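Structure, as structure tokens:
The figures that follow rest on heavy atoms only: side chains count, while hydrogens, waters and symmetry mates do not. Keep in mind that this is a model prediction, so the values were computed, not measured. Throughout, protein chains are lettered first and strands after them, A, B, ... in sequence-line order, and every chain is numbered starting at 1.
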Number of protein chains: 2
Amino acid sequence: MDIKKVAKNTTRVLASYITYQAVQIIFSQLSETNPPLAYWFNSFSGADKIQDGEAYLQALLKENQELAFRVMTVRDHLAQEVADYLPEMVRTEIQQANISHRRQYLERVTQLNVPDFDAHSEPQAEPDPNE
Amino acid sequence: MDIKKVAKNTTRVLASYITYQAVQIIFSQLSETNPPLAYWFNSFSGADKIQDGEAYLQALLKENQELAFRVMTVRDHLAQEVADYLPEMVRTEIQQANISHRRQYLERVTQLNVPDFDAHSEPQAEPDPNE
């Protein structure tokens, strides 16, 4: 298990997602202050494009330098604000989700066994009246 | 700017990505120990399916409970190992990338201005022979 590689890849995905969040925030601000630019920004920032935050920013820099600099400023701010909470939150999220999956699985397995048992016992309790 | 909402959404994406990394690790282990199961696991774990880690695990639990439990154990382990490094790494990643984007932009703008200047000066240096 290459923990360093996992940490590096995870960091890259995280940075891209924080970039996406910055774009969402700026889009919602523009929707109020400058609807035509918001419209352009939304159609430029397609879901596929923003998967790789750095490639997206490089493309945006060529089209609208001001917006690109704004995305960079906001994502830097988001990273400062959010990053420290992530370790505790993601550990809790995964632990809680694991507990919930295991519980649901056990419930399902138990429920499945009960109808199975009924199905076998029913014919004995209520014999076919045609017999 | 709703920092709490951003942190919550980011945590969810992070948990899904760590689940994806756990699946990759188990797939590479199975490729050596149990190639037929590795083949099945790979075709089950399509890229679309794994976007939502919890929905993926619910589906996997119904198909192969043992593998699902293994994914849960490995992702829990990954979260413990990786999470603490993420805040520093993601902040650095974003800051470095921002610096690099700004530098590239300045380089491009400087280079663009040189041909622009030439373009303006050329007509004066070489007047239209038809005039």
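- In terms of heavy-atom pairs under 4.5 angstrom with chain B, the leader among A:Gln95, A:Gln80, A:Glu81 is A:Gln80.
- Among B:Val90, B:Val82, B:Asn98, the residue making the largest number of heavy-atom pairs under 4.5 Å with chain A is B:Asn98.
- B:Arg91 has its side chain within reach of A:Asp84: a pair of non-hydrogen atoms, C-beta onward, lies under 4.5 Å apart.
- Between the OG1 atom in A:Thr10 and the OH atom in B:Tyr20 there is a gap of 11.0 Å [rounded to 0.5 Å].
- Highest contact tally toward chain A, considering only B:Ser28, B:Ser100, B:Ala83, B:Ala68, is held by B:Ala83 [criterion: heavy-atom pairs under 4.5 Å].
- Separating the CD1 atom in B:Ile3 from the CD1 atom in A:Ile25 is a distance of 6.5 Å, to the nearest 0.5 Å.
- Note that the CD atom of A:Gln58 and the NE2 atom of B:His101 stand 5.5 Å from one another [nearest 0.5 Å].
- Residue B:Gln21 holds its CD atom at 9.5 Å from CG of A:Asp2, rounded to the nearest 0.5 Å.
- Atoms CD and CD, on B:Glu54 and A:Gln96 in that order, are 11.0 Å from each other to the nearest 0.5 Å.
- With a 4.5 Å cut-off on non-hydrogen atoms, B:Val74 touches chain A through its side chain but not through its backbone.
- With a 4.5 Å cut-off on side-chain heavy atoms, A:Leu86 and B:Leu86 do not count as touching.
- Both the backbone and the side chain of B:Val6 come within less than 4.5 Å of a heavy atom of chain A.
- Heavy atoms of B:Gln104 lying under 4.5 Å from chain A belong exclusively to its side chain.
- Of the inter-residue distances, the one linking B:Lys62 atom NZ with A:Tyr105 atom OH reads 12.5 Å to the nearest 0.5 angstrom.
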